[in-house]
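Read through the structure below, which is laid out as structure tokens, and then see the notes.
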Number of protein chains: 2
Amino acid sequence: MTSSGAIMTGVKEAMPLEGEATTTEATQPRFAQVRDAVRADILAGVLPAGGRLPSEAQLCRQYGVSRITVRQALAELQASGLVHTVNGRGSFVSQPRAPGGQGPLVGVLEAMRKRGWKAHGRLLSHSVQKADAEVALALNLPPRTPVGAVTVARYCDDVPFAVGTTYLAPELAERLAAQDLEHNDVTDVLHRLLGLRTARTRVTVQAVAAQGMVARRLRKPAGAPLLRVLTTGLDYEGQPATYSETYGTPELLEYRVTLHNDTSSAREG
Amino acid sequence: MTSSGAIMTGVKEAMPLEGEATTTEATQPRFAQVRDAVRADILAGVLPAGGRLPSEAQLCRQYGVSRITVRQALAELQASGLVHTVNGRGSFVSQPRAPGGQGPLVGVLEAMRKRGWKAHGRLLSHSVQKADAEVALALNLPPRTPVGAVTVARYCDDVPFAVGTTYLAPELAERLAAQDLEHNDVTDVLHRLLGLRTARTRVTVQAVAAQGMVARRLRKPAGAPLLRVLTTGLDYEGQPATYSETYGTPELLEYRVTLHNDTSSAREG
DNA sequence: TAGTGGTCTAGACCACCTC
DNA sequence: AGGTGGTCTAGACCACTAA
């Protein structure tokens, strides 16, 4: 479904929609309907990233609502980062994670480079495995469901400082592994190049003792402190789309976040 | 332009407040002026926490603006968590950090208890010191400025799992240390009991090796991995108000956060 | 000049809550 | 019944950007 006409669903004809009269069932507010319709068009690719949205006047006609209602819908889309507006020019579909932009997540490579280091990644392996209990739980899948696993090491001036595995749909993993992970962060590739949309990201940060393969990869003796970062990316339906587990050396990797008092973000101990 | 009425502060008198005729200087939008005026009243305690705001109609008269403008102002205050509204009753000043509420920060004790553990804190020390370089930098003060330091240990079933020091204004530290830190989290006390308002919180999470006093307090051998969490609380002017440094045992303490795609929150590696 | 978003108003109907 | 917030409309002026 795309656009014109009524709001409720795919109805194409004008049909003032309106009228509360009798039907409308579980009537959501009109601005919410417009908001969801536009968001659906964006997520479905009908409105391509970077492209201009219909003008507010057009949206008014298209959905048969007043400008204030359209603006309320756009305001929420803007707050969620899916859309941005430029005075005098129009509203635009935000680039999914502009490179170096102000998305919520900044990849480790980008962060290192911003501080003046040379950093690069390397694809270590790429496979389809049966999800173990941990991955299945994180991705909300039945155990032993096939999932793609992409393991990447990150280097700072040729010293390895982080190694991690990202689990996601096999088809997405395939495309991820085909990208340039030498120069780009995994999160960046997923969002900017592959168009993945993430509504929320759950992060858990732990301290662990180095051991086994991870210790060797990071050139650490067993027992040395490492940072372990687990992230789960959730789509707009609340379903987990990606899960990653990353280990990093504490000298070079720390986790930073700024919590704004608005819109939650929950911290636990 | 027609309307009159003062926007600037809580002034009750009319005082037309410019019609933009010629000078308007750094004229902010009216809704922003209303928003800031109401926020100032809340932060200043003119509107007490938990109390009811003037109704939208009252605010319209008070500031001489239309209801839509008032609602736009309230919407932003609501988004920032300072205010919440109840259909049919009115708008209310949010309790600063409702106990167990949905504030951005959840203290460690609360988090442990939520998972079914018995947890308590203990005030270890409380003093006024000259800020060292690190604390001065974090609080944006000249070095050697006197600051209050409150050190607290947290126990889970009588096993110590976290110890940390909070630096803040001496007068606030005095009041903080006088509160019940046995049962309440420091962050909870600061916000709920002492009325501290925090616009943003910067958090840094690191993995470190246990050593010295911290290792002893947490009953860890030197070199064991510990989580180190640094937080800086920023007020609505962007000035740091609190700085804390906490060490925790990885078996019992981890850091969790949910990043929403809206409203930023920046992660770095 | 024409189109766009940014802001604002007056007025309206509804659902909800309290009295 | 009366007050409150939730939603919506039609119309207006402005600042900005573009052709």
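Chain letters run A, B, ... following the sequence lines, proteins first, then strands; residues in each count from 1.
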Check your understanding: Of the nucleotides C:dG5, C:dT9, D:dG5, which one has an atom closest to the side chain of B:S55?
Key -> D:dG5
Point to revise | Pairing residues for B:L230 by the side-chain contact (heavy atoms from CB on, under 4.5 Å) criterion, not counting sequence neighbours | key: B:T204, B:Q206, B:R228, B:Y243, B:E245
Point to revise | A:R52: salt bridge (Lys or Arg N to Asp or Glu O under 4.0 Å) partners, not counting sequence neighbours | key: none
Check your understanding: To the nearest angstrom, how far is B:Q58 atom CD from D:dG5 atom P?
Key -> 9 Å
Review point. How many Å lie between CD on B:Q78 and P on D:dT4, as a whole number?
Key: 17 Å
Exercise for review: Mind listing the residues from residues 66-74 of chain A sitting with a heavy atom below 4.0 Å of DNA chain C? Number order is fine.
Suggested key: A:R67, A:I68, A:R71
Could you pull out all donor-acceptor pairs under 3.5 Å where a side-chain atom in residues 81-92 of chain A meets a protein atom, sequence neighbours excluded?
residue, atom, partner, partner atom, Å
A:H84, ND1, A:S94, OG, 3.1

Review point. A:A178: what forms a side-chain contact (heavy atoms from CB on, under 4.5 Å) with it, not counting sequence neighbours?
Key: none
Check your understanding: Do the side-chain N or O atoms of A:T85 get closer than 4.0 angstrom to the phosphate oxygens (OP1, OP2) of C:dT4?
Key -> no
Check your understanding: Roughly, in whole Å, what's the span from CD in A:E76 to P in D:dG6?
Key -> 13 Å
Study note, to complete from the structure: Residues at least two apart in sequence or cross-chain that pass salt bridge (Lys or Arg N to Asp or Glu O under 4.0 Å) with B:R67, listed by chain then number, are B:E56
Point to revise | Protein-nucleotide distance (B:E56, atom CD; C:dC13, atom P), rounded to Å | key: 18 Å
Revision key, fill the gap. Shortest non-hydrogen pair, B:A173 vs B:L168, comes out as CB-CD2, 3.7 Å
Revision key, fill the gap. Rounded to whole Å, CZ of B:R30 lies from C1' of D:dC13 at a distance of 13 Å
For nucleotides 14-19 of chain C, tabulate all protein N/O to nucleotide N/O atom pairs closer than 3.5 Å, reporting atom names and distance.
none

Check your understanding: How would you list, by chain and number, every residue that makes a salt bridge (Lys or Arg N to Asp or Glu O under 4.0 Å) with A:E76, sequence neighbours excluded?
Key -> A:R35
Exercise for review: Using side chain to side chain donor-acceptor pair (under 3.5 Å) as the criterion, list what pairs up with A:T242, not counting sequence neighbours.
Suggested key: none
